[in-house]
Peer 1: 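What follows is a single structure, and I will ask about it in a moment.
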Number of protein chains: 2
Amino acid sequence: MIGIEQRVAIFEGQLKQAGLRMTQQRRLILRILAEAHDHPDAKGIFTRAFEHDPTLSLSTVYRTMKLLESQGAIERHAFEDGVSRYEHADQQHHDHLIDVETGQVVEFSSPEIEALQAKIAAELGYEIVRHRLELYGRKLSKTGRKRVKKDV
Amino acid sequence: MIGIEQRVAIFEGQLKQAGLRMTQQRRLILRILAEAHDHPDAKGIFTRAFEHDPTLSLSTVYRTMKLLESQGAIERHAFEDGVSRYEHADQQHHDHLIDVETGQVVEFSSPEIEALQAKIAAELGYEIVRHRLELYGRKLSKTGRKRVKKDV
DNA sequence: AATGCAATTGCAAATGATTTGCATTATGCC
DNA sequence: GGCATAATGCAAATCATTTGCAATTGCATT
């Protein structure tokens with residue numbers, strides 16, 4: 001988990017290499033994302049950013065998300081509700097468990113499942129390029145659970 | 001895999017119980033779905049049905065898909081392109097592997113993965129309500145593969 | 001610090017999938 | 001056959017996202 005300044009600096013370097021520019025709005029959105037501990041959608045990011053810069057437009061958020069995604073700086077997910085949600089990409093790979101009652105998103109990862117996926121794909125004559133695994137669940141009442149990391 | 005007539009009859013029974021009616025367009029769409037060996041989207045179903053009944057409207061297709069889904073007669077999937085795709089629901093549970101080059105959809109199922117999912121959810125304090133597992137892959141060149149079931 | 005030009009932005013309009021309001025039609029019980 | 005109302009077709013409405021374009025801004029260069 002690196003800091004905001006480093007993230008901005010890294011991204012600015014990537015931009016420069018591509019002949020692109022670091023703008024106020026990109027800096028702001030990057031900051032919002034770095035501070036986010038959840039999986040906000042474009043409107044959510046826009047709302048948060050808007051408080052710092054009321055001249056920002058939603059189009060710019062969308063364009064920036066697309067740019068960040070193409071640079072590998074963020075990951076985009078589309079859960080069941082259909083809207084795209086984003087999270088920064090400096091963490092290890094993980095999948096998501098969505099609480100069907102609250103919409104809360106819990107992250108998890110399972111090397112065993114990954115291995116099985118690769119095996120299945122190979123048996124079908126494929127190599128996996130990427131995958132999407134989402135569990136939709138309901139909280140168990142009271143017994144033996146172990147919470148890990150939660151957000152919305 | 002049951003026949004079309006039986007499917008229509010079953011569905012008509014379900015409709016009757018709900019005070020709903022079996023119409024020409026519902027019958028037609030049901031037939032199209034039963035004959036489909038792929039995962040068509042609303043427009044695709046509409047196109048196929050339109051050849052049999054040019055008065056059919058796309059709205060009716062959407063309304064019918066929603067009805068069929070609520071009756072458990074079909075399953076709806078939204079892969080990465082965002083559009084909803086449908087398949088009849090009389091087969092055993094399975095997940096999907098999508099060929100990133102051709103869009104071809106291969107079905108597979110893995111009890112091992114299902115078991116792991118349940119275990120992971122339980123550890124996080126959840127019971128799984130449903131899940132979504134999609135593998136996006138590229139065909140291996142020539143060696144050891146075993147094709148199973150394919151469609152688009 | 002001023003200049004120039006392409007990259008970027010904000011805005012509004014366009015898109016594309018899906019839904020919905022409403023007047024018209026058709027289904028299925030009497 | 002007649003009726004009440006469920007279902008349809010059409011057009012207009014949504015909703016998330018994208019895009020055209022004129023105005024602005026970043027930044028490399030004087």
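Atoms considered below: every heavy atom in the structure, side chains included; atoms not considered: hydrogens, waters and symmetry mates. Note on naming: letters A, B, ... go to the chains in the order of the sequence lines (proteins, then strands), and numbering restarts at 1 for each one.
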Peer 1: From CD1 of Ile29(A) over to C1' of dG10(C), roughly how many Å is that when rounded to an integer?
Peer 2: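 One finds 13 Å between C1' of dG10(C) and CD1 of Ile29(A), rounded.
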
Peer 1: Angle between the end axes of the helix from dA1(C)-dT30(D) to dC30(C)-dG1(D), five pairs per end, to the nearest 10 degrees?
Peer 2: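 Computed angle between terminal axes is 30°.
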
Peer 1: On DNA chain D, does the nearest nucleotide to Met22(B) precede the nearest nucleotide to Ser59(B) from the 5' side, or the other way round? Give the residue.
Peer 2: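 Its nearest nucleotide lies further toward 5', so the answer is Met22(B).
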
Peer 1: Just the rounded figure in Å: distance from P of dG21(C) to OH of Tyr62(B).
Peer 2: 18 Å

Peer 1: Is the shortest heavy-atom distance from the side chain of Asp38(A) to the side chain of Val105(A) under 4.5 Å?
Peer 2: no

Peer 1: Which is true for Arg26(B) with a 4.0 Å heavy-atom rule: it touches a base, it touches only sugar-phosphate, or it touches nothing?
Peer 2: sugar-phosphate

Peer 1: Is any side-chain heavy atom of His52(A) closer than 4.5 Å to one of Arg31(A)?
Peer 2: no

Peer 1: Measuring from Glu35(A):CD to Leu30(A):CG, what's the distance to the nearest 0.5 Å?
Peer 2: 10.5 Å

Peer 1: Report yes if a side-chain nitrogen or oxygen of Ser84(B) is closer than 4.0 Å to either non-bridging phosphate oxygen (OP1 or OP2) of dT18(C); otherwise report no.
Peer 2: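 For dT18(C), OP1 or OP2 has a side-chain N or O of Ser84(B) closer than 4.0 Å.
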
Peer 1: Enter the distance from Tyr126(B):OH to Asp99(A):CG here, rounded to the nearest 0.5 Å.
Peer 2: 4.0 Å

Peer 1: Would you classify Thr23(B) as touching base, sugar-phosphate or nothing, given that sugar-phosphate means primed atoms plus P, OP1 and OP2, and contacts are heavy atoms under 4.0 Å?
Peer 2: sugar-phosphate

Peer 1: Among His39(B), Arg85(B), Glu134(B), which residue satisfies the side-chain hydrogen bond (donor to acceptor under 3.5 Å, both in side chains) criterion with His96(B)?
Peer 2: His39(B)

Peer 1: How close or far is atom C1' of dA17(C) from atom OH of Tyr86(B), stated in whole angstroms?
Peer 2: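 It is 10 Å, rounded to the nearest whole Å.
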
Peer 1: Nearest whole Å is fine: how far is dC29(C) C1' from Lys16(B) NZ?
Peer 2: 10 Å

Peer 1: Which sits closer to the 5' end of DNA chain C, Lys43(B) or Gln24(B), going by the nucleotide each is nearest to?
Peer 2: Lys43(B)

Peer 1: Return the value, rounded to whole Å, for the distance between atom CG of Leu58(A) and atom P of dA13(C).
Peer 2: 16 Å

Peer 1: Ring-plane angle category for Phe50(A) and Phe46(A), please: parallel below 30°, perpendicular beyond 60°, tilted otherwise.
Peer 2: tilted

Peer 1: Could you label the plane-to-plane angle of the His131(B) and His93(B) rings as parallel, tilted or perpendicular, counting under 30° as parallel and over 60° as perpendicular?
Peer 2: perpendicular

Peer 1: Considering heavy-atom distances to DNA chain C, does Arg63(B) or Gln25(B) have its closest nucleotide positioned more toward the 5' end?
Peer 2: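 Nearer the 5' end of the strand: Arg63(B).
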
Peer 1: Please give, in whole Å, the distance from dC5(C) C1' to Leu20(A) CG?
Peer 2: 15 Å

Peer 1: Please round to the nearest 0.5 Å and tell me the distance separating atom OH of Tyr136(B) and atom CZ of Arg132(A).
Peer 2: 4.5 Å

Peer 1: What is the ring orientation for His94(B) with His77(B), classed by angle as parallel under 30°, tilted 30 to 60°, or perpendicular over 60°?
Peer 2: tilted

Peer 1: Can you give me the first and the last nucleotide of DNA chain D (5' to 3') that has an atom within less than 4.0 angstrom of a non-hydrogen atom in chain A?
Peer 2: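 Listed 5' to 3', the contact boundaries are dA16(D) to dC27(D).
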
